[in-house]
Amino acid sequence: MADKKGWHDLMRGADLPPATSLEYKTGSWRSMRPVFDASNCIHCMICVAYCPDMAIPITKSEEGVVGKGGRLYKGAVRLETNFDYCKGCGICAQECPTKCITMIREEEAVEASTK
Amino acid sequence: MATLQEIVSKQVPLAPGHRMCSGCSIPVIVNTIIAASDKPVIIANATGCLEVASTIYPFTAWKVPWMHLTFENAAAVAAGIETAYKAFKKRGKMKDDVNIIAFGGDGGTYDIGFQALSGALERGHKFLYVVYDNEGYMNTGNQRSGATPFGADTTTVPAGTMSIGKTQWRKNIVEICAAHRIPYAAQATAHNTLDLFNKAKKAFAADGPSFIAALQPCTTNWKYDTALTMAYSKLAVETNFWPLYEVENGKVHINYKPKERKPIEEFLKGQGRFRHLFKPENRHVIEEMQKMIDEEWERLLKLEESQVQI
Ligand code: SF4
Ligand code: SF4
């Protein structure tokens, strides 16, 4: 072993910048679509914590948003589902305590929007 | 005590666009654990579902420093990162503290990576090892692992007229890890976000190695409707199939005791991997399973009551 090599000489592994998966839109996997009824939401954050695809965005609302019972909900509140990534698993609809998410067939949603 | 609102507002390490199956509970486990870290994290990830589905070159869902490793060496690399970090700190090259986390599936933890895990726990490196436990080699299509439960149908031990599926009970990985005399080991699930968050907090605060086994229902190979992932996670706890407990400095504390434990059938039914157990000739398998679960629960209660060191 004449030419001893150190770790500096090893081939570098592949480096990737963070979150490049954002370019890959998994929404095309969906066959069922969650329809969100904001007027019945209590902003409990259960659907947000349980969504495997981080497809339910949240924001901090100081002034509050109107939800169930016409009440104002402040702090962390959920927004409309991000259909670029939602895979339509239905966990959010299954677990929502107020049943304000309904699953419909994706074709129905597409038909309704192109009418 | 953190609220769900606070937890979901913390750092989210995974971006959307990953390719875990629809209804998979791995991202939920990963997000909850990392949300519990007040420090920056460095992730060592064994080959497995999380690794292959989060990073398909040139795509990656990770927003935090992350390393793709082989099946067997996640714990060894985490130990190396910790040692290097300590050396850098000593020389003044790094200032802030970090939390080092290794993630492995049950194949990479109970079986292939076990030697490296045991070594790292024994040497006392300060890091958290998390197994997301879907009870089999799921990313390669449901082969039996040391975590696969008794009676489950897998492609390597298929159920049929001459077979009930797996005939051994799973390894008790939490007690095995606790037996290394580490300060903190715990069993958790995907659905109980607050419990998992609190356990991760305790693990990060531990002065030494820590270990969390999180049950991760797998829609593809447990074979159930994608919407029911959290429902099965709950049933696993309500039937005492997967008790929520922790072992702090060798002492057992049960975090949740079902008021009335549900019969194991409620967890089994609707899962394709257990469908064969509902045939009349396999009735005895369910009975045996129920007996084992009840005995294990009694044993756990005794460990808690006596505070005998594991
Ligand atoms: S689970 Fe239901 S009520 Fe809770 S935040 Fe989500 S949509 Fe609103
Ligand atoms: S259907 Fe599934 S992926 Fe879509 S928003 Fe609900 S939980 Fe998330």
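We use all heavy atoms of the structure for the numbers below, so side chains are in, but hydrogens, waters and symmetry mates are not. Naming: A, B, ... by sequence-line order, numbering from 1 per chain.
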Which atom names give the shortest non-hydrogen contact between [X] and [Y], and what distance separates them?
X	Y	result
T60(B)	T20(A)	N-OG1, 2.7 Å
Y57(B)	L16(A)	CE1-CD2, 3.6 Å
A49(A)	V28(B)	O-CG1, 3.5 Å
K63(B)	A19(A)	CG-CB, 3.9 Å

With a 4.5 Å limit on heavy-atom distance, are the side chains of N31(B) and M54(A) in contact?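 Result yes, sub-4.5 Å side-chain heavy-atom pair found.
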Under 4.5 Å between any side-chain heavy atoms of D53(A) and P27(B), yes or no?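 No, every pair of side-chain atoms sits at 4.5 Å or beyond.
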Name the region of C51(A), side chain, backbone, both or neither, that has any atom closer than 4.5 Å to a heavy atom of chain B.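 For C51(A), the contact with chain B is made by the backbone alone.
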Taking side chain as everything from C-beta outward and backbone as N, CA, C, O, which of these in Y24(A) sits under 4.5 Å from a heavy atom of chain B? Side chain, backbone, both or neither.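 When you check distances to chain B, atoms from both the backbone and side chain of Y24(A) fall under 4.5 Å.
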Please identify, among G75(A), C44(A), A93(A), the residue contributing the most non-hydrogen atom pairs under 4.5 Å to chain B.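 Top count of heavy-atom pairs under 4.5 Å with chain B: C44(A).
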Given that the side chain runs from C-beta out, which part of [X] has a heavy atom under 4.5 Å from chain A: side chain, backbone, both or neither?
X	answer
S54(B)	neither
V12(B)	side chain
I56(B)	neither

With a 6.0 Å cut-off (strictly less than), is the heavy-atom count around CG of D9(A), excluding the residue itself, greater than 12?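 Yes, because the 6.0 Å sphere around CG of D9(A) holds more than 12 heavy atoms from other groups.
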Kindly check if the number of other-residue, nucleotide or ligand heavy atoms within 6.0 Å of NZ (K99(A)) is above 12?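 Count over threshold, so yes.
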Which of [range] get closer than 4.5 angstrom to chain A, counting heavy atoms alone?
range	value
residues 229-237 of chain B	T229(B), M230(B), A231(B), K234(B)
residues 16-23 of chain B	P16(B), G17(B), H18(B), R19(B), M20(B), C21(B), S22(B), G23(B)
residues 187-199 of chain B	A190(B), H191(B), T193(B)

Going by residue number, which parts of residues 58-71 of chain A are within reach of chain B, meaning a heavy-atom gap below 4.5 Å?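 Those residues of residues 58-71 of chain A which have a heavy atom under 4.5 Å from chain B are I58(A), K60(A).
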Could you give the distance from CE (M32(A)) to OG1 (T226(B)), rounded to the nearest 0.5 Å?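 OG1 of T226(B) is found 9.0 Å from CE of M32(A).
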Donor-acceptor under 3.5 Å (Q5(B) side chain, H43(A) main chain):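 Yes: the side chain of Q5(B) pairs with the backbone of H43(A).
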